[in-house]
Structure formats: C-alpha cells, structure tokens
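These notes are about the structure you will find just below.
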Amino acid sequence: MKIKKIGYWLSTALLTAIMFFSVYNYFFNHETIVGFFEAMGYPTYIIYPLAIAKILGLLAIWGNFSKWLKEWAYAGFFFNAILAFFAHYMISDGQHMGAVLMFVFVLISYFTGKQVRP
C-alpha cells in the first residue's frame, strides 16, 4: 500500500505542477499563448476560462470535497491531455510530450487515488 500512496502523491504533485505551469503561462505569457492557440486553430477567448477551469479542477482533486466533483475534474484533465496531445501532434511543433506526461500522471493519480484516498 505504501508504493500506491507514493505513486498517488507523486503523480498528483506532478500533475499539479504541469497545470500550474500552464495556468501561469495563460495569465502571464498571454501573447505567446495567443500565438500558440491561433497556430493550432483554437479561439483565443477560451484561454482565461481554461486557466480558471484548471485551477478549479486542482482544487477539486486536492480538496477531496466530493467524489462526484473529483471525478469530473479528472475527466476534464483526461480530455485536456488527449486534446492537447493531438493539437501539438497535428501541427508538428514537437511539444506533445508534455501532454503525454500529463496523460500518464492523470491516469496514475486517478487509479491510485481510488485506493489511497477514497
């Protein structure tokens, strides 16, 4: 059980670090992120709501307030990772590995969290 706890907390901490890095860039490197979103064909008006959704998702996971809310937060991060991977892969900018890592951390955190922190 100890290895599962370590896996859960480590993967959740790394997922949090990736999310905070992206939120930081969304708020403080906005012009650069606008360029990335335009290059991928996404509308730029979703940058701030996406950053807020990531913060709220992290609060739901770390706060462990509601099982239902935590499930939706993990689902949001899961789809965010999948869509980010394909967005970066399709434009061939070479930055899709961050999305792969996020995907792995989401899966590890989700499945070990069900056993460690129900």
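This structure is a prediction, so every number in the text was calculated from the model and none was measured.
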Side chain of Arg117, backbone of Trp9: donor and acceptor closer than 3.5 Å?
-> no

Got more than 12 heavy atoms from elsewhere within 6.0 Å of CH2, Trp62?
-> yes

May I ask you to check whether over 12 heavy atoms, not counting those of Tyr42, lie within 6.0 Å of atom OH?
-> yes

Apply side chain to side chain contact (heavy atoms under 4.5 Å, CB included) to Ile82 and Phe103, showing your working.
-> CA-CA 7 Å; Ile82 295 290; Phe103 180 74; 3.5 Å; yes

At their closest point, which heavy atom of Ala73 faces which heavy atom of Ala60, and how far apart are they?
-> CB-CB, 3.9 Å

Residue pairs fulfilling salt bridge (Lys or Arg N to Asp or Glu O under 4.0 Å) with at least one residue in residues 68-89, sequence neighbours excluded | Glu71-Lys114

If you measure from CG on Leu10 to CG on Leu15, what distance do you get to the nearest 0.5 Å?
-> 11.0 Å

With a 4.5 Å heavy-atom cut-off, do Pro49 and Ile52 have their side chains touching?
-> no

Atom pair OG1/CD1 of Thr112 and Ile6 - distance to nearest 0.5 Å = 11.5 Å

Could you state whether Leu107 and Met97 fall into the same hydrophobic cluster, counting links through intermediate Ile, Leu, Val, Met, Phe, Trp or Tyr residues with side-chain heavy atoms under 4.5 angstrom apart?
-> yes

Between the CD1 atom in Ile33 and the CD1 atom in Ile47, the distance rounded to the nearest 0.5 Å is 7.0 Å

With sequence neighbours left out, what residues match Tyr48 under side-chain hydrogen bond (donor to acceptor under 3.5 Å, both in side chains)?
-> His30

NZ (Lys54) and CD1 (Ile18) are apart, to the nearest 0.5 Å, by 10.0 Å

Could you state whether Tyr45 and Phe37 fall into the same hydrophobic cluster, counting links through intermediate Ile, Leu, Val, Met, Phe, Trp or Tyr residues with side-chain heavy atoms under 4.5 angstrom apart?
-> yes

Note, Phe36 side chain near Asn29 side chain (heavy atom, < 4.5 Å) = no

Going from CD1 on Ile55 to CE on Met19, what distance comes out if it is rounded to the nearest 0.5 angstrom?
-> 11.5 Å

So if you build clusters from Ile, Leu, Val, Met, Phe, Trp, Tyr with side-chain heavy-atom gaps below 4.5 Å, do Phe20 and Val106 land together?
-> yes

Correct closest heavy-atom pair for Ile108 and Gly7 would be CG2-O, 3.8 Å

Nearest non-hydrogen partners of Tyr26 and Ala51, listed with the distance | CD2-CB, 3.6 Å

If you group Ile, Leu, Val, Met, Phe, Trp and Tyr by side-chain heavy-atom gaps below 4.5 Å, do Tyr8 and Leu69 land in one group?
-> no

Residue among Phe105, Phe78, Phe77, Tyr74 satisfying side-chain contact (heavy atoms from CB on, under 4.5 Å) with Tyr110 = Tyr74

Aromatic ring pairing Tyr89/Phe85, orientation class (parallel under 30°, perpendicular over 60°, tilted between) | parallel

Do you reckon Ile91 sits in the same ILVMFWY cluster as Leu83, going by side-chain contacts under 4.5 Å, direct or chained?
-> no

Distance (rounded to the nearest 0.5 Å) between Met102 CE and Asn80 CG = 4.0 Å

